[in-house]
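The shown structure was predicted, so the numbers you read here are calculated from the model rather than taken from an experiment. Lettering follows sequence order; numbering is per chain, from 1.
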There are 2 protein chains.
Amino acid sequence: MVIADDQALGESEADSPRGGPAATRSEQAYTALKRRVLDNEFPVGSFFLEQELADLLEMSRTPIREALVRLANEGFVEIRPRHGMRVLPISAEDMREIYTILTALESEVAAEVAARGLSPEEIAALREAVDDMEAALVDDDRKAWAVADERFHRSLVSSSSNQRLRSVIQQFWEQAHRVRMLTLRLRPKPEQSTREHLDLVHAIEERDPAKAWKIHRTHRETAADMLAEILSSNGLTNL
Amino acid sequence: MVIADDQALGESEADSPRGGPAATRSEQAYTALKRRVLDNEFPVGSFFLEQELADLLEMSRTPIREALVRLANEGFVEIRPRHGMRVLPISAEDMREIYTILTALESEVAAEVAARGLSPEEIAALREAVDDMEAALVDDDRKAWAVADERFHRSLVSSSSNQRLRSVIQQFWEQAHRVRMLTLRLRPKPEQSTREHLDLVHAIEERDPAKAWKIHRTHRETAADMLAEILSSNGLTNL
DNA sequence: GTATGAATTAGCGTATGCGTAAAGAGGCTT
DNA sequence: AAGCCTCTTTACGCATACGCTAATTCATAC
């Protein structure tokens, strides 16, 4: 688990012309490889030797190895001694596991922020995200909807005062990201889901932790069930 | 987060005379350093240079670095360039964070196993642990009680079918381990706690997920509150 | 064709070397 | 005493070197 809150997912690749305070090569390798994994740029299941990755990112094997150790620890890739690294395929069962954890933890966040109350800015961020989701629904733009949905959850989670909680949730969220993107166009129009988000915002505004908790839990369970259904009915056993 | 289920915490140190299939030095370093951290053998707050650790474990800096990357990722230590590694002190706030996560996740496990039911062996393992806790109570042997308590939770968690869930819980459990050990003799005799464990076993046997969930959640919240009280009333702000 | 063993290849685990730049020491100025 | 420049030290980040051994290829036998 990573405790430090990681940066956004944007990547500045090799050399960052004006990109902050000179990250180390290890860090670059980690960021670059992780981005490629999340963006599904590595064919799932295929292997990449350390040297290939080193050539790809134009650095030596040492920082590559450090990045791989981290990525393997976080569950994104597997390191098989003499075969290289590969992006771990995610099964329907894996998704169920991930959603179970996210459900438990995010519901906790929902209850926490409902109990404490959010600043007007935080509430506004949530509302904006919901608005964008609704707009995307009207345009039938799945990608835009997913982006807004992600923004909503990210906003919510970032409002938690529990640093470790934020970190773990982000971690699992990222693991699910690839699959969510791949199944986006297979799911029904997420109208129900958008409404649930709005309900959650209301519960938070009403400062009703139990209600917020329940709404979010139900929301998550519904999403998990739907995803399981999509995966099985499309025979997607490994992504 | 580590996905692979880690071994038990026992360590075979440097060379393992008959210790399995020849672990790599990186692995040895990771295991050895982690054990020392968990057993509180590194003075919290003090720094250790990579070379010192390399000398200590009689290997080069390379495997040490890999181990440190993992440990830092898992939140046990911090790496400060030019100052070395240090065991992260844990504050009362940190413990609250950790317990919040453990509460949410372990309650999930309790509900899961109650819903599914456990094998007679699994139930027996839980009962045995509770018996040992009761015996330790009679002997007023805090250490033995803690060991049994740990066994109980470990058994429970290992009964979950959710591999990632098992892994995250173990991770946070380990983070709390040091502090729990240090505060053992400060807490009141854990009679209440032992009874709660027994109640949980009953709820599981009755296949009542909601009850199991609630019992465990309350159990955890009580424990968290008590710990917070102990830490603050003893002025233990950083362990 | 399949199976078995030897020979070869090459990927990785680890050690080591090197350049950089940060931390600290010492001395100088005010 | 406080600031600040210079010099020294040295820990680390990374590249590189190397040996071990798993993986693969090939030859030979069935």
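Cation-pi geometry between A:Arg154 and A:Trp173 is not satisfied (NZ or CZ under 6.0 Å from the ring centre, within 45° of the ring normal).
Between B:Thr103 and B:Glu221, the side chains place no donor N or O within less than 3.5 Å of an acceptor N or O (distance only, hydrogens not considered). Using modelled atom types, one finds a donor on one side chain and an acceptor on the other under 3.5 Å when comparing A:Glu74 with A:Tyr30. Inspection of the A:Ser119 and A:Glu122 side chains reveals an N or O donor paired with an N or O acceptor under 3.5 Å.
Both A:Thr62 and A:Gly84 lie close to DNA chain C; mapped to their nearest nucleotides by heavy-atom distance, the more 5′-ward contact belongs to A:Gly84. In terms of position along DNA chain D, the nucleotide closest to A:Arg61 lies nearer the 5' end than the nucleotide closest to the other residue of the pair A:Pro81 and A:Arg61.
Atoms CD1 (B:Ile79) and P (D:dC12) sit 9 Å apart, rounded to a whole Å. When the C1' atom of C:dG11 is taken as reference, atom CG of A:Leu68 falls 13 Å away, rounded to whole Å. Rounded to whole Å, the distance from CG on B:Asp55 to P on C:dT16 is 12 Å. With rounding to whole Å, A:Leu53 atom CG is found 17 Å from D:dA15 atom C1'. The interatomic distance linking B:Glu66 (CD) with D:dG13 (C1') rounds to 14 Å, in whole Å. As rounded to whole Å, 16 Å separates atom P of C:dT14 from atom OH of B:Tyr30. One atom, NE2 of A:His83, and another, C1' of C:dG11, lie 10 Å apart when rounded to the nearest Å. If you measure from atom CD of B:Glu78 to atom C1' of D:dC12, you get 16 Å, rounded to the nearest angstrom.
Of the residues in residues 43-51 of chain B, those with a non-hydrogen atom less than 4.0 angstrom from any atom of DNA chain D are B:Leu49, B:Glu50.
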Please produce a list of atom pairs where a protein N or O lies less than 3.5 Å from an N or O of nucleotides 19-21 of chain D.
from	atom 1	to	atom 2	distance (Å)
D:dT21	O2	A:Arg82	NH2	3.4

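In this structure, B:Asn238 has no side-chain hydrogen bond (donor to acceptor under 3.5 Å, both in side chains) partners at least two apart in sequence or on a different chain.
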Exercise. After noting the C-alpha distance and the side-chain angles of B:Gln175 and B:Gln171, does the key distance pass the side chain to side chain donor-acceptor pair (under 3.5 Å) rule?
Worked result: CA-CA 6 Å; B:Gln175 279 198 47; B:Gln171 196 99 156; 5.9 Å; no

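Annotation: A:His197 is not in aromatic contact with A:His216 [ring centroid separation under 6.0 Å not met].
By the 4.0 Å N-to-carboxylate-O rule, B:Arg178 lies too far from B:Asp39 to be salt-bridged with it.
The phosphate of D:dG13 has neither OP1 nor OP2 within less than 4.0 Å of any side-chain N or O from A:Ser26.
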